[in-house]
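No hydrogens, no waters, no symmetry mates; every other heavy atom, side chains included, goes into these values. The sequence lines fix the lettering, A, B, ..., with proteins before strands; numbering per chain opens at 1. If you're wondering where the values come from, they're calculated on a predicted model, not measured in any experiment.
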Amino acid sequence: MTAEDKPRIGVYICHCGENIAGAVDVEEVRKFAEKLPDVVVARDYLFMCSDPGQEIIKEDIRKGLVNRVVVAACTPRTHEPIFRKACEDAGLNKYYFEMANIRDQCSWAHWHEKEKATEKAKLLVAAAVAKARLLEPLEDRYVELNKDVMVLGGGIAGIFAALDLANAGFKVYLVEKSPSIGGNMAKLDKTFPTNDCSACILTPLMVEVANHPNVELITYAEVESVDGTVGNFKVKVRKKQTYVDWDKCTGCGACLNVCPPKARVPDEYNEGLSTRGAIYIAFPQAVPKKAVIDPDACIRCGGRWFGEEPRKTKDGKPILAPCEKVCPTGACSRDEPRDPNGELIELNVGSIIVATGYRVMDKKHFKEYAPDSPNVITALQMERLISATGPTEGKLIVPSDIPKYLEWKKKIEKGKEAELEARKPHVITFVSCVGSRDERYHTYCSKVCCMYMLKQAMLLKEKYPDLEIYISFIDVRTPGKDFDEYYMRCRKLGIKIIKGKIGGVQRLPDERLLVKGYDAELGRPVELISDIVVLATAMEPNMDLKELARKLGISVGAEGFLKERHTKLYPVDTMTEGIFICGCAQGPKDIPDSVAQAKAAAASAMSLLAPGKMKVEPLISEVDQEKCIGCGICENLCPYGAITLVEVNGSRKSKINETLCKGCGVCAAACPSKAITLHGFTYEQVLAQIRTIAAKKVVEV
Amino acid sequence: MELAEEGVPPVINLTELAEKEKEEFEEKVSELIIEFGAENLMACMQCGACASICPLARTGFEWYNKKLIKAILVGMREELLDDMTPWACVACNRCTEICPRNVTPFEVMLAMRRLMVEDFALPTLTIEGLRSLYEHGHAVYMTGREARKKVGLPEKPPTTDSDEKALQELKTILKNTKLAELGLIPME
Ligand SMILES: Cc1cc2nc3c(=O)[nH]c(=O)nc-3n(C[C@H](O)[C@H](O)[C@H](O)COP(=O)(O)OP(=O)(O)OC[C@H]3O[C@@H](n4cnc5c(N)ncnc54)[C@H](O)[C@@H]3O)c2cc1C
Ligand code: SF4
Ligand code: SF4
Ligand code: SF4
Ligand code: SF4
């Protein structure tokens with residue numbers, strides 16, 4: 001070691017206003033630090049991280065006084081990067097820096113024991129100095145980033161994230177589970193707080209994203225596995241079997257009506273209020289507008305499946321399924337066999353945005369609300385019932401009479417004369433917080449139901465002023481921009497509020513419903529007879545969200561939604577770098593918030609990928625293959641799969657993938673032959689710290 | 001309020017109330033109250049600020065401002081007509097000052113009184129007051145003319161009561177109000 005390299009340590013102690021100085025005797029620590037081996041100067045300052053504070057350190061470095069820096073202050077989690085940068089700016093290798101946390105661990109922990117706090121601060125400073133004497137200079141590494149992005153989920157959040165990225169010149173793969181993009185917003189009638197028609201604002205965006213030259217739309221597909229890390233993810237995506245040749249299908253819809261009644265199943269788009277055939281197009285405004293065959297619903301008309309020989313009529317003509325027969329383009333021809341597993345494709349992307357949304361709870365869970373009555377419906381079903389694209393084209397009738405309506409419509413379409421005998425509702429009751437704010441289901445508030453109940457009530461009351469509408473609330477939650485004004489508008493329309501959650505609904509023989517509640521404002525139980533009861537059922541995580549999170553290596557919170565890295569500061573980031581989240585997959589929220597998050601996630605992905613390369617800290621592990629005995633313990637322990645055993649000159653040796661290693665140090669701690677070094681936390685450095693604390697003085701290792 | 005036997009508050013049947021409002025009466029009670037002067041009735045959000053300072057609420061009256069408004073909104077016409085709370089309102093108007101929605105709860109009280117008068121649902125005390133107003137020009141008339149005489153005062157105070165011309169004018173005014181139409185008190 002030349003004289004030049006010999007450590008000349010500067011110790012800088014921060015008062016953190018009163019945060020540290022309130023319990024730790026800073027001057028005593030400073031005097032103590034001054035005397036430690038290799039320490040050439042010890043200073044203190046009110047706020048070390050402030051501009052003048054940093055300048056003190058930089059000045060000492062620039063003058064050549066110090067070549068190692070120890071800062072005793074707050075937490076390295078937030079402040080280490082700041083001080084490292086100061087060292088670098090002054091011309092010192094930034095890894096010649098060490099930090100002692102004398103705030104969280106001393107003053108805060110021992111606020112009422114000032115002497116002990118001071119003693120502990122001294123020990124932590126001594127330990128940091130002991131480590132600083134052994135620090136080595138390290139260089140940052142750079143990894144190349146793939147600039148393409150995968151957006152998962154084509155709801156309003158996914159669409160916006162994809163559009164923002166695509167407009168900025170990034171290539172986007174938009175992967176959607178169902179046959180069409182649009183998500184839950186496509187099912188809504190009008191949207192609060194402006195009451196603009198959902199389809200009118202959504203469908204143009206669906207078309208725009210699908211036609212964008214930088215967007216590759218992959219619908220009816222799901223993620224199978226994810227490998228790699230930030231800048232370099234390898235994603236296997238399974239495109240499900242559509243059983244319809246999408247290159248040929250024009251979405252003409254000829255096949256939809258010939259699919260026989262026996263093959264009809266509840267229609268997802270209408271939330272089960274009507275049925276669809278086994279061959280179906282998700283909804284009239286679907287993007288892409290292509291048919292798929294649901295193999296579970298298909299009854300194999302004509303007695304053959306894909307790739308099988310057609311049966312023949314007596315005169316030898318092939319018997320075709322009705323859909324095949326009617327299709328003008330041959331898109332659903334059964335001549336060719338089709339792989340039920342679909343097709344597996346691989347995407348290479350630098351970043352992933354998860355926007356897989358939510359689902360609403362089914363009414364079946366709520367026995368107290370007569371779920372077996374067709375006139376008890378979820379709010380999402382109500383959206384369909386009042387929508388012009390819904391099962392009744394927006395005509396308001398009681399749901400129990402929808403079958404009558406559909407019969408009538410069929411007759412009319414066939415040019416027959418028919419009278420519609422469906423009952424119109426006179427009373428509609430909304431029940432709040434169904435499955436939300438309820439320890440039996442979800443403890444969280446679903447956040448949008450108060451507003452959508454008010455919206456549906458308002459739309460109904462404006463259109464049918466004679467309707468009696470009751471909304472029950474535990475309390476009305478309208479905290480958004482223009483939201484409370486919206487609520488007042490409803491009140492002024494004469495919508496009746498029951499203050500308190502409805503406790504029971506009883507199905508009456510005439511298919512009306514007896515609703516039992518308690519009104520806290522009147523202090524009395526109330527009851528009423530309602531034609532329709534609308535349950536504001538909770539928004540909850542999709543069934544497969546946990547599994548998807550596992551594949552992606554990100555976590556879900558206790559309530560099951562995707563977890564952000566930090567609620568306040570990193571709301572769209574995850575603990576896995578390069579993976580961002582937005583929309584209702586992160587938690588219940590409305591469209592404005594979903595869009596805002598989507599744009600935030602897109603911007604985060606852009607700022608990550610735009611430079612094309614990424615700085616990686618050199619604080620990772622390295623194997624000395626001379627010492628490695630090839631036991632393989634490390635390989636099994638590494639949580640990031642960064643270690644593999646390779647053949648080197650005929651023997652097994654551990655090898656660490658630099659891009660995958662996160663520097664957790666598990667391998668270094670476990671290696672029986674001390675062959676692994678975790679840079680920045682070497683054996684010598686860590687031992688020096690421990691021994692210093694144990695001996696209460698800086699000891700040589 | 002009519003109590004069930006055990007003292008349990010009876011269930012309010014909202015359907016019955018709504019149906020009655022539709023079928024038996026020409027107008028909803030809330031519409032009438034608005035017509036009778038409480039224009040901002042529907043803006044009430046039941047925050048309770050008015051009730052927190054209302055002397056009626058503090059002295060045990062059942063249908064003080066906030067609760068009265070709620071009952072009107074759900075159409076509890078009959079129960080309200082049977083209740084005398086509005087006549088106990090002291091018109092302090094503290095509620096009007098405090099209300100964050102400009103509902104003017106006192107106006108609701110007044111409107112309720114007007115509705116009650118129309119329905120002859122008013123306490124005898126009120127009839128007495130009206131009669132006294134018509135006959136003497138005082139809603140609250142002091143008794144004890146003898147006592148006045150004893151201390152050397154004229155039998156009637158130097159007000160409308162002792163001014164025949166003024167009294168006649170007052171009677172004419174009253175005869176031209178809705179009071180005469182209603183025939184609550186004899187007006188010769
Ligand atoms: C009854 C009701 C009424 C509402 N009314 C309003 C309103 O008036 N105004 C308002 O602002 N908000 C309203 N909302 C809220 C609104 O629906 C949401 O804010 C919005 O739809 C969230 O969009 P998203 O993109 O996050 O999720 P979603 O709309 O759920 O979209 C998620 C998409 O991801 C897909 N997906 C799911 N899993 C996967 C997977 N594993 N892989 C690939 N794709 C996947 C889904 O198929 C879907 O297309 C209402 C909600 C309800 C329930
Ligand atoms: S008939 Fe053929 S082209 Fe038309 S929607 Fe059906 S599958 Fe597509
Ligand atoms: S938004 Fe309203 S209805 Fe929905 S859970 Fe929250 S409080 Fe209940
Ligand atoms: S203060 Fe106004 S808004 Fe509040 S309860 Fe009274 S009248 Fe209603
Ligand atoms: S004006 Fe009447 S209702 Fe209002 S606070 Fe006074 S007493 Fe109560």
Report summary line: Within residues 29-46 of chain B, contacts to chain A at heavy-atom distances under 4.5 Å involve B:Met42, B:Ala43, B:Cys44, B:Met45, B:Gln46
Requested in this report: Could you tell me whether A:Glu368 and A:Lys501 have a side-chain N and a carboxylate O separated by less than 4.0 Å?
Outcome: no
Query - A:Phe192 and A:Phe483 aromatic centres sub-6.0 Å - result: yes
Query raised in the report: Going by an N to O cut-off under 4.0 Å, is there a salt bridge joining A:Glu462 and A:Arg489?
Result: yes
**Report entry** Contacting region of A:Asp466 [heavy-atom separation from chain B under 4.5 Å]
**Finding:** backbone
Requested in this report: Return yes if a side-chain donor-acceptor contact under 3.5 Å exists between A:Ser373 and A:Asn375, otherwise no.
Outcome: no
Requested in this report: Tell me, please, whether B:Phe25 has B:Lys20 positioned over its six-membered ring: NZ or CZ under 6.0 Å from the ring centre and within 45 degrees of its axis?
Outcome: no
Requested in this report: Can you tell which part of A:Tyr470 gets under 4.5 Å to a heavy atom of chain B, answering side chain, backbone, both or neither?
Outcome: side chain
Query raised in the report: Highest number of heavy-atom pairs under 4.5 Å with chain B: which of A:Leu493, A:Val515, A:Val427, A:Asp519?
Result: A:Asp519
**Report entry** B:His138, B:Lys156, B:His136 screened by side chain to side chain donor-acceptor pair (under 3.5 Å) with B:Asp161, the one that passes
**Finding:** B:His136
Query - Portion of A:Val526 that has a non-hydrogen atom of chain B nearer than 4.5 angstrom - result: both
Report task. Return the option, out of A:Lys492, A:Glu521, A:Lys496, with the maximum number of heavy-atom pairs under 4.5 Å with chain B. Result -> A:Glu521
Query raised in the report: Any chance the side chains of A:Ser198 and A:Asp189 put a donor and an acceptor closer than 3.5 Å?
Result: no
Query raised in the report: Looking at residues at least two apart in the chain, or sitting in another chain, which of them share a side-chain contact (heavy atoms from CB on, under 4.5 Å) with B:Asn176?
Result: B:Thr172
